[in-house]
Structures are given as structure tokens and as C-alpha cells.
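Position 1 is the first residue of the sequence, and the numbers go up from there.
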Amino acid sequence: MTAQTVMIPAARLPEEPETPERTGLWGHVARRCVLVPLVVLTPLLAVAPSRDHRFNVYWHGGMFRDDPGAIVSHTIASGDAYLRLGNFRPLGRMLEKSLDLLAFTGMQQLGLSATVMLRAVSILAAIALTFAVVVLAESVLHRGRLLGGTPSVVGLLLPYAVGAGFVAAGQDSTTVLFGGLYYGTATLVLLVAAAACRLDRLRWWNGVLAVTAGAALAIFNEPACFAVPLATAAVLIRGRFVLGHGPRRLLTSPGLRFAGLLWAGFLPVFATVRWIIRGFCADGGCYQGSDLVVDARSILLLPVRMTAWLPPLQWRAATDATAGPWLRGLIPVVAFLLIGALALRTAKVLPKATRPDRTALLGLAALAVAVLACGALLATLSVAVRAAMSGHQLWEQGWRDSALTIPGGMLLTVALLLLLGRRAAAGLLAALVLCGAVSATANRAYADTTATLRAAQLDNRIAAAMGSFERSRAGNARRCALLDEALQTNQHKPFLQRRYDDSLDVAARTIAGVPFCVRAPR
């Protein structure tokens with residue numbers, strides 16, 4: 001017998017060692033989605049609540065603190081009245097009341113003023129929106145698993161880009177007014193599109209969910225209505241530019257069928273609600289904020305609002321009332337150092353990130369244009385925008401559309417500039433760091449200007465008095481003086497006087513069991 005020698009080849013080492021650092025890049029991205037918006041928006045923490053925020057945080061917080069579930073029943077009970085006013089968005093109102101309750105509860109438990117808590121809620125929503133933009137971009141670009149894979153260069157740069165776009169571009173900007181509500185809505189819109197992109201198999205419960213979600217989006221609020229067309233656009237763009245599907249396979253894909261079911265749930269509810277509102281509001285007198293107009297001017301306004309997200313334009317709006325040079329002081333230095341420190345680490349891991357090809361980047365740019373167009377269309381057709389803005393304000397001032405145009409515009413910027421070549425990423429990162437530092441400085445300038453307004457000072461003093469509620473006679477006297485000042489300031493506005501009186505009283509009774517102001521008997 002002879003023995004044969006069998007040569008077993010040595011096991012080949014993998015060409016690229018699988019290190020946990022690559023999958024850990026998602027943690028790197030998530031941390032920057034939190035920290036960059038936090039640095040840019042922190043200067044706005046002391047900006048006083050305005051418009052309905054002055055009352056709603058106390059009114060909703062006082063009403064629902066002991067019974068949060070009543071938010072649902074209260075909204076349903078008042079739905080008929082809002083429908084007759086042409087302002088029917090019950091699910092959006094539930095979200096708004098829940099955010100006000102969160103701010104009110106934080107005010108009471110942490111001893112902070114409503115001013116700080118409202119801004120904190122808005123910052124949390126901005127952080128969620130930043131992460132949603134990254135998730136949408138990666139959902140379009142990745143073929144395999146999303147969170148289990150390596151994020152692309154786009155995902156590494158987007159937190160800096162979107163964070164730099166959060167500028168207080170006027171008192172109607174979502175960065176200042178209703179940020180929690182509209183940033184939260186935009187987060188929902190983008191995540192619906194991301195979910196449609198990642199669906200690889202349409203099960204029966206996916207179909208039920210799609211129809212139900214479509215119907216819910218129709219009664220959420222105006223920005224949420226764009227979730228359905230954006231989901232459709234995202235699926236088509238991903239299938240054509242990233243997956244390379246032909247027309248037949250594209251039209252039969254699970255994602256497009258999911259989008260079709262979204263439309264099936266959305267259109268009947270949306271059409272019915274608008275038909276009922278038209279009957280109630282045909283003669284006018286309804287809520288102007290929901291009024292729409294389609295005319296020749298809309299064609300001119302659409303590209304204007306599609307560029308209103310640009311940070312230099314927003315900086316001008318934020319600092320328009322600032323006396324003297326505003327790009328000075330400690331804030332720009334601190335913001336640049338903080339964001340720059342984050343960017344240094346990002347610059348080191350950029351080579352480890354995947355780089356999308358040109359076709360995929362073109363598809364991502366097309367999706368960004370769709371996001372921009374949907375957001376801008378909301379303002380273009382709005383009667384409220386045309387009544388409140390004119391001239392250069394239409395180019396610079398923010399509004400509800402900012403919640404979509406900011407992430408859409410920044411996504412477009414990143415996609416187009418990365419098409420310039422492999423070395424463009426480092427230069428773009430440096431430019432975004434500088435842009436974020438200037439945005440934080442512009443926010444500081446806006447906060448300083450707002451702090452000089454008498455109405456803002458009054459609302460801040462009311463928020464401080466409510467946050468540290470004093471049950472003594474001296475505390476009651478100070479609160480009565482604040483209420484008298486508020487009533488005197490709005491002496492020719494009985495509706496606002498009643499809102500001040502009622503909302504502050506409801507909150508005080510919830511917090512301390514006493515009215516906000518106890519008048520001495522005459």
C-alpha cells in the first residue's frame with residue numbers, strides 16, 4: 001500500500017478584513033445627527049414662544065397632563081368645528097398636543113421655563129429629521145441590508161449639511177415656530193419613502209398597512225400629504241438609477257405596489273375631506289392658513305421657494321434686524337471648533353465609506369429635486385404665504401415648507417458636489433463645517449434681536465413665572481402684574497386677551513391647584 005500525500009491549500013485571508021469599525025460607522029453617523037443640529041440650534045434656546053405657542057403649551061399641558069389619553073377624544077370631539085373652518089387635520093393636532101404636553105411636563109418636572117422646553121422639543125424633532133434624511137438617502141443607494149452595511153459618503157456628509165440649514169429665517173420659519181410639529185411631519189414623510197424603498201416583498205399585512213397609512217396621511221396635515229407622491233418617486237428613482245430595472249420589472253416591484261396601495265388609501269379620504277371643506281368655505285370666512293390658490297403666479301413662485309432654503313439667504317433673513325456686524329464674537333469660534341472637531345473624525349473615516357457611482361448620485365439628486373418641489377409647492381399655493389411675504393421675503397423667509405426644502409436642498413447639494421470627483425468629499429466637508437458655524441452665529445443674532453422686543457420679554461417672564469410657580473402672596477402679586485401687562489398690551493385684541501387669561505389659568509390650576517392670578521376682593 002502506498003500513501004498519497006494530499007496538499008491542502010492554506011486558507012486565504014480575506015482581501016479586506018471584516019472589522020467591526022465599518023458597521024460602527026452607523027454609530028458615527030447617528031452621533032453627528034444629534035450633535036451637529038444641537039450645536040447650530042442651541043443659541044435659540046432662549047427665544048420666547050410666539051403666536052399660538054404662547055398659549056398652547058399651557059392650554060394643552062394643563063388639559064392633558066393628568067389624562068394624556070384625552071388628547072384623542074378631545075381632538076375627535078372638536079373635529080367637526082375644524083372641518084367647518086377648513087382646517088381639518090386631526091392626526092396633526094394630536095401630534096401637536098402631544099408635543100405641547102411633553103414640553104409642559106418637562107417644564108414642571110425639570111423646573112425649566114416653557115421657553116426652553118419648547119425649543120428642546122423642536123431640537124429633538126430637528127435631530128429626528130436629520131437622521132430621517134440619512135436613512136432615506138441610504139435606503140435609495142444601498143442594495144443590501146441597510147443598518148448592517150457600511151454607510152456611504154453621502155450618509156457621512158448629510159448630518160453636517162442638514163444641520164447647517166437649520167436657521168431662524170424669520171418668525172414664521174419652522175426653526176422658530178412649530179418646529180416640533182413640522183419637523184416631525186417631515187420626518188414621517190421621509191421615513192414613509194424610505195420604507196417603500198426597502199420593501200423587497202409585499203405581504204398581505206404590508207398591503208393593509210399601506211392602505212391604512214395612506215388614509216391616515218390624508219387627515220394628518222398639509223405637509224404629510226406629500227408622503228405618498230414622494231414614496232412613489234423614491235421607488236421609481238431607486239429602481240431605475242440604482243437597481244437598473246427595466247420598465248416592466250419596475251412597474252411590478254413590491255415598492256411600487258406598496259406606493260399604489262398608499263394612493264388607494266389616500267385619494268378617497270383626501271378627496272372627500274376637500275369636497276366637504278369646499279362646501280363649507282365656498283363663501284369665504286374659513287382658516288386662511290389652509291387656503292390654496294392656483295394661478296399664473298404659481299409658476300413664478302415655485303422656483304423662488306425652491307431656493308429659499310439656501311443658508312446665505314436664510315442668514316440674511318435671520319440677521320435682517322441686527323444692528324451692526326453680526327458675524328463676530330465668541331459664538332462663531334466655539335461653533336466652528338465644536339463642529340470642526342466632529343468633522344476631523346469624519347474626515348478620517350471617509351475613505352472607509354462606500355462611494356456611490358455617478359448614476360446612483362444622479363438618481364439621488366433627482367429625488368432631492370422631488371423633495372424640494374413638494375415642499376416648495378406647499379408655500380407656492382398657500383394664500384397665507386402670499387399675504388405675509390412679498391419681494392425679497394419670498395426668497396429668504398422660512399415657512400412650513402422649510403421642513404422639507406431644507407433637507408431636500410441639502411441632499412441635492414451633497415449629491416451634485418460629489419459628482420465632481422473623489423476629492424470633492426473633503427472639500428465639501430470643510431465647507432459644511434464653516435456653513436454650520438455661520439448658521440449658529442446667525443441664530444445667535446436672531447435670538448439677540450428678538451430678546452429686545454417687549455412682547456418677547458413679557459412672554460419670557462410669564463414662562464419663567466410658570467416654570468417656578470410661587471404660591472406666596474408675593475408670587476401671586478407678580479403673576480397678576482404679568483397678566484395685567486399682557487391684557488394691556490393686547491387691549492384692542494379681545495381674542496388674545498381671552499387666550500392669555502384662559503390658558504394661564506388652566507396651567508396654574510393643574511400645577512398648583514390655584515388660578516394664575518387671584519384678585520383681592522374689593
Kindly compute the distance separating CD1 (Ile123) from CG (Leu41), expressed to the nearest 0.5 Å.
-> 5.0 Å
Do the non-hydrogen side-chain atoms of Ile127 and Tyr183 ever get within less than 4.5 Å of each other?
-> no
Partner of Tyr500 under ring pair (Phe, Tyr, Trp, His ring centres under 6.0 Å), chosen from Trp59, Phe495, Phe55 | Phe55
Residues Met117 and Leu110: closest non-hydrogen pair is SD-CD1, 4.3 Å
Would you indicate whether the side-chain heavy atoms of Thr175 and Val167 approach each other to under 4.5 Å?
-> no
Heavy-atom pair with the smallest gap, counting every atom of Glu96 and Phe178 | OE2-CE2, 3.6 Å
Residues which pass disulfide (SG to SG under 2.5 Å) with Cys281, listed by chain and number, not counting sequence neighbours | Cys286
With no hydrogens and no angle check, do the side chains of Thr75 and Tyr82 hold a donor and an acceptor under 3.5 Å apart?
-> no
Derivation of the salt bridge (Lys or Arg N to Asp or Glu O under 4.0 Å) call for Arg316 and Asp320 | CA-CA 6 Å; Arg316 177 185 167 96; Asp320 188 47; 5.2 Å; no
Do side-chain atoms of Trp326 reach the backbone of Ala323 as a donor and acceptor pair under 3.5 angstrom?
-> no
Parallel, tilted or perpendicular: rings of Phe270 and Phe266 (30°, 60°) | parallel
pair Trp399-Ser382: side-chain heavy atoms closer than 4.5 Å = yes
Quick check: does any side chain N or O of Thr405 sit under 3.5 Å from a backbone N or O of Asp401, one acting as donor and the other as acceptor?
-> yes
Measure the CG-OG1 distance between Leu181 and Thr174 for me, rounded to the nearest 0.5 Å.
-> 10.0 Å
Return the minimal non-hydrogen interatomic distance between Thr130 and Pro37, and the atom names on each side.
-> OG1-CG, 3.5 Å
For atom CZ of Phe336, is the number of surrounding heavy atoms from other residues, nucleotides or ligands below 6.0 Å larger than 12?
-> no
Ser472 (side chain) donor-acceptor with Gly475 (main chain) under 3.5 angstrom = yes
Is there a side-chain contact between His53 and Asp100 (heavy atoms, below 4.5 Å)?
-> yes
More than 12 heavy atoms of other groups within 6.0 Å of Phe220 CZ | yes
So, the side chain of Thr105 versus the backbone of Leu102: is there a donor-acceptor pair under 3.5 Å, distance only?
-> no
Decide yes or no on ring pair (Phe, Tyr, Trp, His ring centres under 6.0 Å) for Phe104 and Tyr58, but give the supporting numbers first.
-> CA-CA 7 Å; Phe104 183 86; Tyr58 306 121; 7.2 Å; no
Got a donor-acceptor contact below 3.5 angstrom from the Arg305 side chain to the Leu394 backbone?
-> yes
Does Asp505 reach the side chain of Arg509, with side-chain heavy atoms less than 4.5 Å apart?
-> yes
Please confirm whether the backbone N or O of Leu487 pairs with a side-chain atom of Gln497, one donor and one acceptor, at under 3.5 Å?
-> yes
Residues Asp172 and Arg51 bridged, charged N to O under 4.0 Å | yes
Is there side-chain contact between Cys33 and Val134, with heavy atoms separated by less than 4.5 Å?
-> yes
Going from CD on Gln397 to OG on Ser173, what distance comes out if it is rounded to the nearest 0.5 angstrom?
-> 8.5 Å
Stepwise, does the side-chain contact (heavy atoms from CB on, under 4.5 Å) test hold for Ile71 with Ser98?
-> CA-CA 7 Å; Ile71 291 176; Ser98 300; 3.8 Å; yes
Looking only at heavy atoms, what is the nearest atom pair of Asp459 and Arg54, with distance?
-> OD2-CD, 3.1 Å
Value rounded to 0.5 Å, distance of CG in Leu136 from CZ in Phe131 | 12.0 Å
Main-chain N/O of Lys493 paired to Asn490 side chain as donor or acceptor, under 3.5 Å = no
Evaluate the side-chain contact (heavy atoms from CB on, under 4.5 Å) criterion for residues Val371 and Val133: first the C-alpha distance (whole Å), next the side-chain angles of each, then the deciding distance (0.1 Å), finally the verdict.
-> CA-CA 11 Å; Val371 176; Val133 181; over 6 Å; no
Give, for atom SG of Cys517 and atom CG of Leu483, the distance between the pair rounded to the nearest 0.5 Å.
-> 5.5 Å
Dump the intermediate steps for side-chain contact (heavy atoms from CB on, under 4.5 Å) on Glu396 and Leu310, then the final yes or no.
-> CA-CA 8 Å; Glu396 302 168 357; Leu310 286 167; over 6 Å; no
Does Asn443 reach the main-chain N or O of Phe166 with its side chain, forming a donor-acceptor pair under 3.5 Å?
-> yes
Is it the case that Trp395 and Thr307 place a side-chain donor and acceptor less than 3.5 Å from each other?
-> no
Shortest non-hydrogen contact from Pro159 toward Val36 = O-CG1, 3.6 Å
Could you give the side-chain donor-acceptor pairs of residues 450-458 under 3.5 Å, partners two or more places apart or in another chain?
unit_1	atom_1	unit_2	atom_2	d
Thr450	OG1	Tyr446	O	2.8
Thr452	OG1	Thr449	O	2.6
Gln457	NE2	Ala451	O	3.0

Which atom names give the shortest non-hydrogen contact between Ala125 and Gly179, and what distance separates them?
-> CB-O, 4.0 Å
Worked check of side-chain contact (heavy atoms from CB on, under 4.5 Å) between Met107 and Met466 = CA-CA 8 Å; Met107 176 192 73; Met466 192 68 76; 3.9 Å; yes
Who passes side chain to side chain donor-acceptor pair (under 3.5 Å) against Arg444, sequence neighbours left out?
-> Asp448
For residues Met306 and Leu372, determine if any side-chain heavy atom of one lies less than 4.5 Å from a side-chain heavy atom of the other.
-> yes
State whether a side-chain donor-acceptor pair under 3.5 Å links Asn476 with Arg478.
-> no
With no hydrogens and no angle check, is any side-chain donor or acceptor of Arg479 less than 3.5 Å from a backbone partner on Phe516?
-> yes
Output for pair (Leu85 CG, Ile277 CD1), nearest 0.5 Å, gives 10.0 Å
Donor-acceptor pair, Gln393 side chain versus Ser390 backbone, under 3.5 Å?
-> yes
Can you find a pair of side-chain heavy atoms, one from Leu190 and one from Leu129, that are under 4.5 Å apart?
-> yes
